[in-house]
Amino acid sequence: MTIAASRIEEKLYQNRYLVDSGRPHIKVRPHQKPSSNLLALTRVCPAQCYELTDEGQVEIIADGCMECGTCRVLCEASGEIEWNYPRGGFGVLFKFG
Amino acid sequence: MIEEKFDAIVVGAGMSGNAAAYTMASQGLNVLQLERGEYPGSKNVQGAIMYANMLEKIIPDFRDDAPLERHLVEQRLWIMDDTSHTGIHYRSDDFNEAKPNRYTIIRAQFDKWFSRKVREAGATVLCETTVTELVRDTKDKVIGVRTDRTGGEILADVVVLAEGVSGLLGTRARLREMPKPKSVALAVKEMHFLPEEVIEQRFGLKAGEGCVIEAVGTISRSMAGLGFLYTNKESISLGIGCLVSDFASMMESPYVILDALKSHPSIRPLIAGSEVKEYAAHLIPEGGYKAIPQLFGDGWVVVGDAAQLNNAVHREGSNLAMTSGRIAAEAIVQVKSRTRPMTKQNLALYKTMLEKSFVIKDLKKYKDMPALLHTNSQNFFTTYPQLMSQAAQNFMRVDGTPKIDKEKATTAAFIKARSRWGLVSDVVRLAFAWR
Ligand SMILES: Cc1cc2nc3c(=O)[nH]c(=O)nc-3n(C[C@H](O)[C@H](O)[C@H](O)COP(=O)(O)OP(=O)(O)OC[C@H]3O[C@@H](n4cnc5c(N)ncnc54)[C@H](O)[C@@H]3O)c2cc1C
Ligand code: SF4
């Protein structure tokens, strides 16, 4: 896990972002136990924004998010996450895409 | 607050939105295009192969100034196991023609160019503006949009939803369902920079020529997926995509399988010494014909990836996006020129016209393909590639075994892995899905 985590940071470091501080565009709703899809996001999110806490809950820090929408497809319908685009101009800014 | 009322509002400045906005503006319509990115392309990811024919139908002389990377003279289809690849390569000097058929492009640059053309055609383009909601009248007709920028509403006769695969607006307005995990692939991609001549040497290319590789096999770890490597002028786009449902059930990490692809002995030498300058992720619609939603309604049409118009078998998306954008725009122009209102009934013309084009015909042809590949991903993406590699190696390696015994061993391996009946049924089902 830690090896993968350090590598993802190197990857995201190459990208350009304009983070809208204090206004995260994705939120995880409070939960007792994550569903299998929410738990899967700790692996499947390509920016590794989702982490499992020591208390067994899934948290998100969306700063490195590439707005791919994978977590929305997996977890919005169940209500476990709230997903929106960042405000216009904010978020990931692909130089090449 | 924008007071004026537009003939049309286009949401999104990707391939489909630019095609639609350009076509309507050049026919004299008063068009407003809204894009949430800082500049057009800043949110968009593609391989990217661009198909000239579909852009020619919109901007015939695009070759004069469009940012094109390389024209393609060679395509390789690889079936990979962990240490090898078996391939079909097709290269032809016929592709060195005056007006080449396919080019690699870099979307951020291409979209900026396309957007400039849209402005030159007379449309108003506003970036850094996220459309947050559709505005409807009391009869539920879409009459405009709300954005995160202006407090108020912006009104138009028709809204063209060119909002890409996630399609937040349309799904939230219940015009269509949210894409299902099994009908979208998550692709990750890196840009590897190398000097132009190094790329040309490694792929045996002359200046300006390009080569692309599409690969299936154990690289996707039994998930339904595909890897790709495309040559740009001074960079190589390398990526892999698999179904979201497979990622979730296998708990695989996309960047881990991308890194594994990079270190595959067949890929590693091609990108050796490169400098990586970007890592991107994006969804691709993979549901095919059966996933196409309602395409039009009172005051709106939907085009491109938002309408799931993507041919996963042939890796075509941008051309379906451009064509659906252009056709929707032509339908709108026709309805307007007859001074008819933009009702559901009148906008049905878009679907009628789209059905006559390659877009719907191609998707219909492969309508059973997604289900087949998705339910048999273990066989198609791992078992067969492994068998193929073993068979090829068995055929090539000279070790004193009589050829007849070698052939028997290969046949036995196929039967052992899939059984006689399994082999026959895979072939039959594949043939039916393809026909
Ligand atoms: C890794 C990868 C490789 C691919 N390779 C190929 C290939 O080689 N060849 C090919 O033909 N196709 C390929 N495709 C598919 C192709 O990229 C898409 O089919 C194409 O980009 C779809 O165009 P579009 O206009 O429908 O959507 P997009 O290009 O995604 O554009 C949607 C636009 O809408 C904007 N937007 C969305 N919502 C809002 C909102 N609410 N307010 C304002 N703006 C909004 C977005 O910022 C974006 O600019 C590939 C896709 C991926 C992910
Ligand atoms: S949108 Fe994509 S990158 Fe962003 S948090 Fe969700 S899965 Fe991760």
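Every chain is numbered from 1, with letters handed out A, B, ... down the list of sequences. Just the heavy atoms: all of them, side chains too, but no hydrogens, waters or symmetry mates, feed the values below.
Within a 6.0 Å sphere centred on NZ of B:K262, other residues, nucleotides and ligands contribute more than 12 heavy atoms.
Using a 4.5 Å cut-off between heavy atoms, B:S166 touches chain A through backbone and side chain atoms alike. The part of B:N44 that comes within reach of chain A is its backbone (N, CA, C, O), which places non-hydrogen atoms under 4.5 angstrom from that chain. Contact annotation for B:V276: both backbone and side-chain heavy atoms come within less than 4.5 Å of a heavy atom of chain A. Neither the backbone nor the side chain of A:Y13 comes within contact range of chain B; no heavy atom of the residue lies under 4.5 Å from a heavy atom of that chain. For B:Y39, the part lying under 4.5 angstrom from a heavy atom of chain A is the side chain only.
Side chains of B:R36 and A:P86 form a contact here, defined as non-hydrogen atoms less than 4.5 Å apart. B:T132 places none of its side-chain heavy atoms less than 4.5 Å from the side chain of A:Y85. Counting heavy atoms from C-beta outward, A:K11 and B:D259 have side chains that approach closer than 4.5 Å. For the pair A:F96 and B:S235, the minimum side-chain heavy-atom distance is 4.5 Å or more.
Across B:E38, B:H282, B:Q109, B:K43, the residue that shares the most heavy-atom pairs under 4.5 angstrom with chain A is B:K43. Taking B:E190, B:E252, B:M178 one by one and counting their heavy-atom pairs under 4.5 Å with chain A, the maximum is reached by B:M178. No other option in B:M251, B:R149, B:K189, B:M250 has as many heavy-atom pairs under 4.5 Å with chain A as B:M251. Contacts with chain A were tallied for B:L168, B:L186, B:V165; B:L168 has the most, counting heavy-atom pairs under 4.5 Å. When the candidates A:R87, A:E67, A:R72 are compared by the number of heavy-atom contacts under 4.5 Å with chain B, A:R72 comes out ahead. Heavy-atom pairs under 4.5 Å with chain A peak, among B:A281, B:A48, B:A280, at B:A281.
In terms of heavy atoms, A:I8 sits closest to B:Y255 at CD1-CD2, 3.5 Å. When every heavy atom of A:C68 is checked against every heavy atom of B:L283, the shortest pair comes out as O-CG, 3.1 Å.
Proximity of a side-chain donor or acceptor of B:E278 to a complementary backbone N or O of A:F94 within less than 3.5 Å is not detected. A donor-acceptor distance shorter than 3.5 angstrom exists from the side chain of A:N15 to the backbone of B:Y279, with no hydrogens or angles considered. Checked by atom type and distance alone, the side chain of A:N37 never pairs as donor or acceptor with a backbone atom of B:A248 at under 3.5 Å.
Between A:Q48 atom CD and B:S253 atom OG the span is 6.0 Å, to the nearest 0.5 Å.
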